[in-house]
Number of protein chains: 2
Amino acid sequence: MEKMSSAGSLCSFERRAGVRKVNAMSELPPLRDFPLFASLDEATLHRLTLDAKVETYADGDVIFRQGDAVAAIMLIVRGFVKLLRTAPCGDETLVSIRSDGASVNDAPTVTGEAFHVSAEAVGPTSILKLPAGRFARLMSESPALAAAALDDAKRKIAELIGEIESLKAQSADRRLARFILSLCPANTDSCRFRLPYDKRLVAAQLGVTQETLSRSFARLREFGVRTETRDVSVESVTRLCLQYDELARQGLPYPSGGRRSEDGRDAV
Amino acid sequence: MEKMSSAGSLCSFERRAGVRKVNAMSELPPLRDFPLFASLDEATLHRLTLDAKVETYADGDVIFRQGDAVAAIMLIVRGFVKLLRTAPCGDETLVSIRSDGASVNDAPTVTGEAFHVSAEAVGPTSILKLPAGRFARLMSESPALAAAALDDAKRKIAELIGEIESLKAQSADRRLARFILSLCPANTDSCRFRLPYDKRLVAAQLGVTQETLSRSFARLREFGVRTETRDVSVESVTRLCLQYDELARQGLPYPSGGRRSEDGRDAV
DNA sequence: CGCCGGGTTGATTTCAGTCAAGCAACGTGG
DNA sequence: CCACGTTGCTTGACTGAAATCAACCCGGCG
């Protein structure tokens, strides 16, 4: 299984980890754009805005480490962040990759707890930060904000559940197909686009090795998926969808289909 | 991968357990005992209590189905609940197993959304239910309750992240070792206990087949783990811990992507 | 140039799933 | 009471997917 480096990489982190914040207090983006805040009233939004600042990171910069105390709520303004989980023995597992608009924290944390993952920038990234303490206070005053935070957490839970489902039940090829489909724009049937990050990371995200990913891509070629390094083209999205369903049909074990029809209410 | 069949198991338990469909408004347990409510003030707690009712289920009973509208917040008073995710093609994946004190919902849901998993009782189980609407209202009035709900969600996120980590990075043997360790009481070094549910379910939880689980157990026998159907004995917990770490040392991979510095403003 | 880093490809191995058989424990019905 | 079918678990033989090991290619760049 894909583990993210670790050992060697750590020290190099340390060295470069001075996290130079090009604290380009750059243009604060409208908070309204973040799903987390989409449904807030103007007043609360305004108060939040006062507290916000933006920091930028270069590729590979550590944003925070597993175990650090949570000091701020962080939202991705631009770029990608990978969340890594470090086991005591030292090897790292990629847990999730977040992009624009998502929050970096596992959940908008209130209490002064510790992160249980590390976060690292993938490519140049800017992060909006809100001091955790003040955020907590605001939350206790604004039920709407609390509700929004809870919604945010729910979104993440849904995401993680999806992840688990696909890890437990789907082949590498299938996971890749799904991943590609998730990147295809909705309108056109044939499309071409660029992977948001390099294949190494895609592999880690899907929970396979680089080599396996490469071979999976090769197999999908037959279904109209071509790649050239980071560029992907899909001949027909609908066709790929079909093939995706096809791949599912592989592993239908016992014909029983888990029918427990003893009680009438059944079916889906 | 293990998909849950759940087909036949129902009836036998029904018989054995003597199925009490008793909606015995039975003794409402003190809400304070649930982590979710542990930190609430008396007043809120009292209001919650008024709304609460307890329902009991027999093994295999469906508590709710993926897609159902969320009508209540549910907490496990006694027993176990398994959460299943059903793919469109029909096969089910076990997402999580929850036990006493945990909430069944993915997150205390406010809006009238749908469950994205199904829940089924494992063994005789009683569930505390609070009408979702009223819970939501209370939450908007009591920041403490909102905070508690958020905490609950955070716990779940942490749990799911752990799950993902272990699925991505660990062998079946290792996952099993970890699972066993999690069941060992803290104080003694050698211990024996009974699995909370049958091996079939344990297998599903670990994301392997029944057969693989059995073989894993066989391999752990060498490390002082014995089983006899549902009873487990561990010769030495510390030893098992060591072996657990040993199993980790297997796979140390390559220097990960992560730190590069293609974009000029880098350094530090 | 030559040397990366990222990606591909091939050969080999290993882990875990599948199929199939078998066994002990239990309850049921003859 | 015993034969029987279940259920839960274990074993064995086989297969297949993906990891591992190892070249190798190619575009960029010092």
Side-chain angles (χ1 to χ4, degrees), chain A residues 1-3 5 8-9 59-60 91 167-176 195 197-204 206-221 226-232 247 250-256, chain B residues 1-18 59-60 91 122-123 167-176 194-195 197-204 206-221 226-232 247 250-262 264:
Chain A
M1 272 301 166
E2 179 70 9
K3 280 141 200 154
S5 108
S9 51
D59 182 86
D91 50 49
L167 282 171
K168 274 193 176 175
Q170 296 179 185
S171 71
D173 287 12
R174 195 142 195 272
R175 294 207 293 279
L176 175 57
L195 292 174
Y197 27 79
D198 71 29
K199 285 190 177 167
R200 202 175 271 260
L201 245 196
V202 174
L206 299 178
V208 299
T209 58
Q210 210 182 166
E211 297 96 317
T212 301
L213 177 68
S214 182
R215 289 185 239 272
S216 282
F217 263 122
R219 277 186 295 266
L220 291 189
R221 207 165 295 151
R226 319 250 136 199
T227 61
E228 190 179 338
T229 54
R230 271 177 58 172
D231 294 304
V232 179
L247 286 172
Q250 311 302 50
L252 280 202
Y254 15 118
S256 72
Chain B
M1 271 300 157
E2 180 68 11
K3 281 132 200 157
M4 313 290 330
S5 80
S6 73
S9 49
L10 287 189
C11 22
S12 77
F13 263 109
E14 307 261 5
R15 267 180 261 115
R16 193 175 1 177
D59 182 85
D91 50 52
V122 176
L167 281 172
K168 272 194 178 175
Q170 295 178 186
S171 70
D173 288 11
R174 196 141 193 273
R175 294 208 293 281
L176 175 58
R194 168 163 270 253
L195 293 174
Y197 26 80
D198 70 29
K199 285 187 177 168
R200 200 175 273 262
L201 247 194
V202 174
L206 298 178
V208 299
T209 59
Q210 210 183 164
E211 298 96 316
T212 302
L213 177 69
S214 181
R215 289 185 239 271
S216 283
F217 262 121
R219 279 186 293 266
L220 291 190
R221 207 165 296 151
R226 320 248 138 201
T227 62
E228 189 179 339
T229 52
R230 270 178 57 174
D231 294 303
V232 179
L247 287 172
Q250 311 304 48
L252 281 204
Y254 45 82
S256 102
R259 113 222 56 293
R260 256 152 322 198
S261 18
E262 32 194 5

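Order of the sequence lines fixes the chain letters, A, B, ..., with proteins taken first and strands second; residue numbering starts at 1 for each chain.
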query: With respect to the phosphate group of D/dA18, does any side-chain polar atom (N or O) of A/T209 fall under 4.0 Å of OP1 or OP2?
result: no

- request: Please list, chain by chain and in numerical order, all residues satisfying ring pair (Phe, Tyr, Trp, His ring centres under 6.0 Å) with A/F217, sequence neighbours excluded.
  value: none

message: Tell me whether the side-chain N/O atoms of B/K199 come closer than 4.0 Å to OP1 or OP2 in D/dT7.
response: no

- prompt: How long is the line joining CG of A/D198 and P of D/dG27, in whole Å?
  reply: 18 Å

message: So, using side chain to side chain contact (heavy atoms under 4.5 Å, CB included) as the criterion, who are the partners of A/S214 when residues are at least two apart?
response: none

task: Could you list the residues that satisfy salt bridge (Lys or Arg N to Asp or Glu O under 4.0 Å) with B/R219, not counting sequence neighbours?
output: B/D173

message: Judged by each residue's nearest nucleotide on DNA chain D, which is more toward the 5′ side, B/T229 or A/S171?
response: B/T229

task: Write down the distance between CG (B/L167) and C1' (D/dA19), rounded to a whole number of angstrom.
output: 17 Å

- prompt: For the residue pair A/Q170 and A/R175, what are the closest heavy atoms and their distance?
  reply: O-NH1, 2.7 Å

query: Quick one: B/Q170 CD to C/dC15 C1', roughly how many Å, whole number?
result: 15 Å

message: Which residues in residues 212-221 of chain A have a heavy atom closer than 4.0 Å to any atom of DNA chain C?
response: A/S214, A/R215, A/R221

field: Integer-rounded Å distance: C/dT8 P and A/R226 CZ
entry: 13 Å

- request: Report the distance from atom CD of B/E211 to atom P of D/dT10, rounded to the nearest whole Å.
  value: 11 Å

- prompt: So, for A/A172 and A/T212, which heavy atoms are closest and what is the spacing to 0.1 Å?
  reply: CB-CG2, 4.2 Å

message: Is the phosphate of D/dT10 approached by B/T227 (side-chain N or O, under 4.0 Å from OP1 or OP2)?
response: yes

- request: Mind checking side-chain hydrogen bond (donor to acceptor under 3.5 Å, both in side chains) for A/S171 and listing every partner two or more places apart, or none if nothing turns up?
  value: none

task: Could you grab the distance from atom CG of B/L220 to atom CZ of B/R174, nearest 0.5 Å is fine?
output: 12.0 Å

statement: Rounded to whole Å, CG of B/D173 lies from P of C/dG17 at a distance of 11 Å

message: Rounding to an integer number of Å, can you tell me how far A/E228 CD sits from C/dG6 P?
response: 18 Å

query: Rounded to the Å, how far apart are A/Q210 CD and D/dA18 P?
result: 17 Å

